[in-house]
Amino acid sequence: MNPLTCFTLTVCDHIAHLVLNRPDTMNTLHPTFWRELDGVLAQLHRSGEARVLVMSSTGKHFSAGMALEVFGGAIAMDDQSPEGRAAIFDTLGDLQATFTRLETLRIPVIVAIQGGCIGGAVDMVTACCIRYATADAFFCIQEINIGMVADVGTLQRLPKLIPEAVVKEYAYTGRRMSAQKALAYGLVNEVLDTPEAALAAAMQCAREIAAKPPVAIWGTKQVIHYTRDHTVEDGLRQMGWVQGAIWSNANVREAVAAMKEKRAGDFKPLSDLNFFNEIDR
C-alpha cells in the first residue's frame, strides 16, 4: 500500500488508530481521501491483527465534509443526458461503498469527533459503531444548504440512530446539531470537554473491546446489524446460526478463568482473509 497523505495509521496492542491529518484543509473529503480510506479499510478487513479501529482527527474541526473539487472536476456530474445521469448513480454507489466498509468491517469502529462534523463527515461517522464528541462538536447535514440531497449514507443510517422527526428537521433545514443535543438524541455515546478527553474515552473503550475474544466481537457486530434491519423472529433465527457457527468452549473457559484470576485473556485473532483474485496462480 502506498504511503498515506490524508491519514496516519498505527496498530498497537490490537488497536488500529486512523487519524485524519489534513487540518489545513479542515480534513475535507477529496478524491485522495476516498482512495486512501478505501485502501486502509480493505487492509484492516483482510488482516486479523487489529481487533478494533479508532478514528480521530486533527485541527479545529473533525471534517468540513466533501471537498468542492470532487464534483467540480475530479468527478464529472453530467446532468445533460440520460447516460450522464446514469453515471451519477454508479459514481455515488462507489462513494457509498467506501463508507459501507466501515459498517461491514470485521471489527468495531469507534470515532472521536471534535468541532464541525459537516456534510459527508456525517455520512462517515453514522457508519461507525460508537461515537464520542467534544463539547464544542456539532453536526450539520450541509448538503441541503448547497442545493442537494445528502447521498452517501446520512439519510439511510441516521434514522436508525435517532428519531425520524429529528432527522427530518436537520436534513430539511441544514441546522447545526450541538453535541449536547446529539447526546440527548442518542447520536453520540458521551460528550467530553476536549479532543484529548474524547480520544482517551475512545481508546479506553477500544482497549476493553480488544480484550474480548475477537470472534465473539465479530459475531456480536454481525447480529446487531442484522437485527437492526430484520424482524425479531428473523434476528433470533440468525442468532442461532451465528452462535452455532462460532461457539467456542475454549474461549468461554479462558474468559471465565481470566476474570477469576484478574488477568488478560488469551484469545486467537480473527483469521487473515485471502481472496481468490489475489492468489498467485
Side-chain angles (χ1 to χ4, degrees), residues 6-7 9 16-23 26-30 33-34 36-38 40-41 44 52-67 95-105 107-144 150-163 166-167 170-171 174-192 195 197-199 201-203 205-206 209 221 224-225 228:
C6 299
F7 303 91
L9 174 66
H17 186 196
L18 185 64
V19 183
L20 285 66
N21 68 354
R22 294 293 303 276
M26 291 194 291
N27 295 297
T28 51
L29 318 183
H30 55 78
F33 173 99
W34 290 93
E36 291 187 354
L37 179 60
D38 200 74
V40 166
L41 295 177
L44 291 173
V52 59
L53 169 62
V54 173
M55 296 183 66
S56 65
S57 189
T58 51
K60 183 177 180 181
H61 297 294
F62 178 79
S63 172
M66 192 74 78
L95 296 175
Q96 292 164 354
T98 295
F99 286 167
T100 296
R101 281 188 183 273
L102 288 166
E103 192 168 56
T104 59
L105 198 65
I107 58 177
V109 182
I110 305 170
V111 60
I113 303 159
Q114 86 283 2
C117 181
I118 300 167
V122 178
D123 296 286
M124 180 167 64
V125 302
T126 54
C128 299
C129 298
I130 298 168
R131 288 160 290 276
Y132 294 97
T134 58
D136 69 346
F138 64 88
F139 302 82
C140 179
I141 304 175
Q142 179 72 358
E143 289 85 347
I144 199 66
D151 54 12
V152 197
T154 290
L155 301 184
Q156 292 68 42
R157 295 187 174 98
L158 198 55
K160 308 284 189 180
L161 301 170
I162 66 176
V166 176
V167 176
Y170 286 92
R175 293 175 181 169
R176 294 181 174 186
M177 179 189 295
S178 68
Q180 291 70 30
K181 284 194 173 183
L183 178 64
Y185 292 135
L187 178 57
V188 301
N189 294 64
E190 189 175 353
V191 173
L192 291 306
L199 179 57
M203 284 295 184
C205 184
I209 292 170
K221 183 173 181 178
I224 290 173
H225 285 186
R228 178 191 63 188

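Just so it is clear, the values below take in all heavy atoms, side chains as well, and ignore hydrogens, waters and symmetry mates. Numbers here are sequence positions counted from 1.
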Determine, stepwise, if the pair K160 / V167 fulfils side-chain contact (heavy atoms from CB on, under 4.5 Å). CA-CA 10 Å; K160 308 284 189 180; V167 176; over 6 Å; no
Looking only at non-hydrogen atoms, find the nearest pair between [X] and [Y] and report the distance.
| X | Y | answer |
| --- | --- | --- |
| Y185 | P163 | O-CD, 4.2 Å |
| L20 | F62 | CD2-O, 3.8 Å |
| L102 | L53 | CD2-CD2, 4.4 Å |
| A206 | V54 | CB-CG2, 3.6 Å |
| T28 | A64 | CG2-CB, 3.9 Å |
| T134 | A198 | CG2-CB, 4.1 Å |

Kindly indicate whether the side chain of [X], heavy atoms from C-beta on, has any atom under 4.5 Å from the side chain of [Y].
| X | Y | result |
| --- | --- | --- |
| L37 | M124 | yes |
| L158 | I141 | yes |
| Q114 | S57 | yes |
| M203 | Y132 | no |
| M55 | V125 | no |
| I162 | Y170 | no |

Nearest 0.5 Å, please: how far is [atom2] in [Y] from [atom1] in [X]?
| X | Y | atom1 | atom2 | answer |
| --- | --- | --- | --- | --- |
| H225 | C129 | NE2 | SG | 5.0 Å |
| I110 | C128 | CD1 | SG | 9.5 Å |
| E103 | R228 | CD | CZ | 4.5 Å |
| L44 | L18 | CG | CG | 7.5 Å |
| T126 | L187 | OG1 | CG | 8.0 Å |
| C140 | M177 | SG | CE | 10.0 Å |

Side chains of S63 and R22: do they bring a donor and an acceptor to under 3.5 Å? no
Short side-chain donor-acceptor distance under 3.5 Å, N21 and T58: no
Mind checking what makes side-chain contact (heavy atoms from CB on, under 4.5 Å) contact with L155, not counting sequence neighbours? V149, A150, A171
Residues at least two apart in sequence or cross-chain that pass side-chain contact (heavy atoms from CB on, under 4.5 Å) with V191, listed by chain then number, are A135, A179, Q180, L183, V188
Indicate yes or no for a side-chain donor-acceptor contact from [X] to the backbone of [Y] under 3.5 Å, with no hydrogens or angles considered.
| X | Y | result |
| --- | --- | --- |
| K221 | L105 | yes |
| D123 | T154 | yes |
| R131 | I113 | no |
| E36 | C6 | yes |
| Q96 | D151 | yes |

Using the test salt bridge (charged side-chain N to carboxylate O under 4.0 Å, His left out), find all partners of D136 that sit at least two apart in sequence or belong to another chain.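 Here no residue qualifies.
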Between F33 and F7, how do the two ring planes meet: parallel, tilted or perpendicular, split at 30° and 60°? tilted
Is the count of non-hydrogen atoms from other residues, nucleotides or ligands lying under 6.0 Å from M26 atom CE greater than 12? no
